[in-house]
There are 2 protein chains.
Amino acid sequence: MSTEVPKRLTIYDLAKLAGSSPSTVSAVLNGTWQNRRISEKLAARILAVAADADYSVNMQARALRRERSGIIGMILPLYDNRYFSSIAQIFEAEARKRGLFAIVSCTNRDPQQEQAAAQMMIAHRVEKLICTGATDPDSIARMCHAQGVETINLDLPGRLAPSVISDNRNGAKALTTAILDRLEDRGNPQDPILFVGGRIEDHNTRERIAGFREALTARGLESPEENIMPCGYSGARAAPVLDAYLLKHKTLPSAIFVNSTITLEGIARWFNEQGHNMSEIVFGCFDWDPLAAVFNPHFLMVRQNVPVMIDRLFDLIDSPHAPSTALIEIQPEILGVQ
Amino acid sequence: MSTEVPKRLTIYDLAKLAGSSPSTVSAVLNGTWQNRRISEKLAARILAVAADADYSVNMQARALRRERSGIIGMILPLYDNRYFSSIAQIFEAEARKRGLFAIVSCTNRDPQQEQAAAQMMIAHRVEKLICTGATDPDSIARMCHAQGVETINLDLPGRLAPSVISDNRNGAKALTTAILDRLEDRGNPQDPILFVGGRIEDHNTRERIAGFREALTARGLESPEENIMPCGYSGARAAPVLDAYLLKHKTLPSAIFVNSTITLEGIARWFNEQGHNMSEIVFGCFDWDPLAAVFNPHFLMVRQNVPVMIDRLFDLIDSPHAPSTALIEIQPEILGVQ
DNA sequence: ACATAATGCACAACCGATTGCGCAATGCTG
DNA sequence: CAGCATTGCGCAATCGGTTGTGCATTATGT
């Protein structure tokens, strides 16, 4: 085994091997040799030598000279739910298709970590930075713009860069309507629906609450403040909300609008611990998880359309200078309605 | 908005601003100035100027000159299950703690994509490459070693680089034993257990089958070949297996050892479609998912110990030259036993 | 045969940080 | 006050590609 760095091959070595010059080797290897009037024959020879010697370009050197890194960055709250992990996966695949190298950093919904990650991305000279579900997208946008790096917001919108998000309001309205239909099927169309989870500071949660209310209003129903509990994204936050509801009303709500799968997990845990049966209640969840869906075929779930979101995202990336006010809303899908 | 690249600040600019030289600025900014006998006072001035001007080092230039990128790479089959996504997340956090920048690529269990991703990683001059669940870790290891890049295998072992994996055999044995205990509680300790999912070409699947058999043998039970169905990782593969079993035996097995959550999803779907009730059967799954667990408290699940695996992984990364034969097995946890 | 154009390729200056080395200024010793 | 050590810092080469420019050589036109 190599004891120390075994000096990798450079274009200078290849030039010697092929009896040519570094600049010619460079042009041949990066495909610009046609413009430089290199002969077919020499190009072939150089390519053969390079392949034979297992040459691999040094991207650092290339990026330094070209003043373009070929890297595109994304910051993300976390990987471990289906929505965000599929965002990461599809983003990466799409980036690769365009010859870009994607680097993704998790920032745990923490503004400090978001800033630090963005700094790192800037230091690595990413060509664009995608801020997914960022708690403070505008601060990041300011930082990046000061360094000449454009940003795009995904999932949560900002005011200083274009944004691609789900149509939260209409998605929530459709989900709530589906819940109301279920209640009607069960013969209690007037029963209260509890809204649980999310952060009221989030644009998305506010929009979902608005959609929730619109659906109720459309049926001539009330939406009392006390039934709307954006208690955060952690699963554990759901228990106190349910405890309080039960204490006050002596009975469970007939339906629950759950604002994320992580909240759903907390609610399910509470039902298990309390010995309640989830199938007595109509559940609608603004988020999708295949295992949750298959174990609860009666659940209503909203699946955000990640492939289309990423498509629109790359439209923005490709278009030179999208207006920072652009807000693109993608319709999600309601699963569980017959 | 900037029409074109707005020339970022370099150490040459800072040198002018601070009335000093580029080499001094460099030393001050990268912390090596003590060795270069720069005065406290000048260092402070330069730091102030840099902070004031929002300077950000160019990592490409640094990496080129230092001949170290500060980047560590990982290839991964996919993000979208809890096991792999937590690997990615914890790996990234640990890398960051060490001042390394983690880049992760999904390769969809496709040897071609694995090779291509490894090539990219090499071009970006990663300092090490972690091959997680690679279908062909040895080919990647050969490629990387030829370029002087060390690799480490995670989740699936290889013969050309050290490996950190779960103790699949003992984990499977413990899971099977737990299943047998459940069957005994239910009064049918001799009933057949079906093993479904995974690839027989995978080391892990083979070891799990071995552990499965050991547990049966320990109770004096048979493990007929026909009950062991490593039908792949896709969920859809489970249905034909279950169909065939049902056709032959006219009844469902009393217990199923499920080899992954994706297979579990396929099985659950089949049960729904066929109108069978999953609670009639004892389920053990070699994999863990919090939503699956909370919706099925009676499931036995194996949670692989990702934090410890990543810990050991970084032990290997930090140790100069681990023997390529090193195989570190981490004990997983059985969830669902009282 | 001579001027002109096209072809084929190499030279050398970069990109921005790092680092071995050396020089000037100051401090200290005798 | 000469002689030597120490302090403080800048010079210039370097990492490995990229690219504007220019110089031979060959082909074409008259």
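In the text below, chain A, chain B and the rest are named by the order of the sequence lines, each starting its count at 1.
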Should we count CD of B/Q34 as having more than 12 external heavy atoms under 6.0 Å?
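Yes - once you tally the heavy atoms of other residues, nucleotides and ligands closer than 6.0 Å, there are more than 12.
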Single hit among B/D155, B/V104, B/I152 for side-chain contact (heavy atoms from CB on, under 4.5 Å) with B/I130:
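Answer after filtering B/D155, B/V104, B/I152: B/I152.
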Matching residue for B/E114 among B/N108, B/I75, B/L76 - test: side-chain contact (heavy atoms from CB on, under 4.5 Å):
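Checked B/N108, B/I75, B/L76 against B/E114; only one passes side-chain contact (heavy atoms from CB on, under 4.5 Å): B/I75.
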Write down the distance between [atom1] ([X]) and [atom2] ([N]), rounded to a whole number of angstrom.
X     : N      : atom1 : atom2 : answer
B/N30 : C/dG16 : CG    : P     : 17 Å
A/L29 : D/dT19 : CG    : P     : 13 Å
A/W33 : D/dT19 : CH2   : C1'   : 18 Å
A/I46 : C/dG8  : CD1   : P     : 14 Å
A/N35 : D/dT18 : CG    : P     : 13 Å
A/R68 : C/dG16 : CZ    : C1'   : 18 Å
B/Q34 : C/dT19 : CD    : P     : 15 Å
B/R37 : C/dC21 : CZ    : P     : 14 Å

Close side-chain approach of [X] and [Y], heavy atoms under 4.5 Å:
X      : Y      : result
B/I165 : B/E329 : yes
A/S105 : A/M120 : no
B/V149 : A/R8   : yes
A/L327 : A/T325 : no
B/R98  : B/I317 : no
A/I46  : A/W33  : no
B/C144 : B/I122 : yes

Residue closer to the 5' end of DNA chain D, B/V25 versus B/R125 (nearest nucleotide)
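Whichever sits nearer the 5' end wins; that is B/V25.
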Applying a 4.0 Å non-hydrogen cut-off, can you work out what A/T10 is touching in the nucleic acid: base, sugar-phosphate, or nothing?
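Sugar-phosphate only.
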Measure from the side-chain heavy atoms of A/R66 and tell me the nearest of C/dT19, D/dG16, D/dT18.
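So the nucleotide nearest the side chain must be D/dT18.
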Nucleic acid contacts - residues 53-63 of chain B versus DNA chain D, non-hydrogen atoms under 4.0 Å:
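Those residues: none at all.
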Among residues 38-45 of chain B, which residues get a heavy atom nearer than 4.0 Å to DNA chain D?
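Hits under 4.0 Å, by residue number: B/I38, B/S39, B/L42.
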Please tell me if B/S20 has a side-chain N or O lying less than 4.0 Å from either OP1 or OP2 of D/dG10.
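So the side chain of B/S20 is within the cut-off, an N or O lying under 4.0 Å from OP1 or OP2 of D/dG10.
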Are any of A/S26's side-chain N or O atoms less than 4.0 Å away from OP1 or OP2 of D/dG17?
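For D/dG17, neither OP1 nor OP2 has a side-chain N or O of A/S26 closer than 4.0 Å.
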Using the test side chain to side chain contact (heavy atoms under 4.5 Å, CB included), find all partners of A/P111 that sit at least two apart in sequence or belong to another chain.
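Counting only residues at least two positions away or on another chain, A/P111 forms a side chain to side chain contact (heavy atoms under 4.5 Å, CB included) with A/T135.
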Just the atom pairs and distances: protein N or O near nucleotides 11-13 of chain C's N or O, under 3.5 Å.
residue, atom, partner, partner atom, Å
C/dC11, N4, A/S23, OG, 3.1

Output every pair passing ring-ring contact (aromatic ring centres under 6.0 Å, His included) with a member in residues 80-113 of chain B, not counting sequence neighbours, ordered by first then second residue.
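Those involving residues 80-113 of chain B are A/H124-B/F101, B/F91-B/F314.
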For the student: nearest non-hydrogen atoms of B/G73 and B/M121, plus distance:
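Looking at all heavy atoms of both residues, the shortest contact is CA-SD, 3.8 Å.
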Lys/Arg-Asp/Glu bridge criterion (N-O < 4.0 Å) met for A/D13, A/K16
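Between A/K16 and A/D13 there is no salt bridge, as every charged N stays at least 4.0 Å from the carboxylate O atoms.
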How bent is the helix from C/dA1-D/dT30 to C/dG30-D/dC1, comparing axes over its five end pairs at each side, to the nearest 10°?
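Between the axes fitted at each end of the helix from C/dA1-D/dT30 to C/dG30-D/dC1 lies an angle of 40°.
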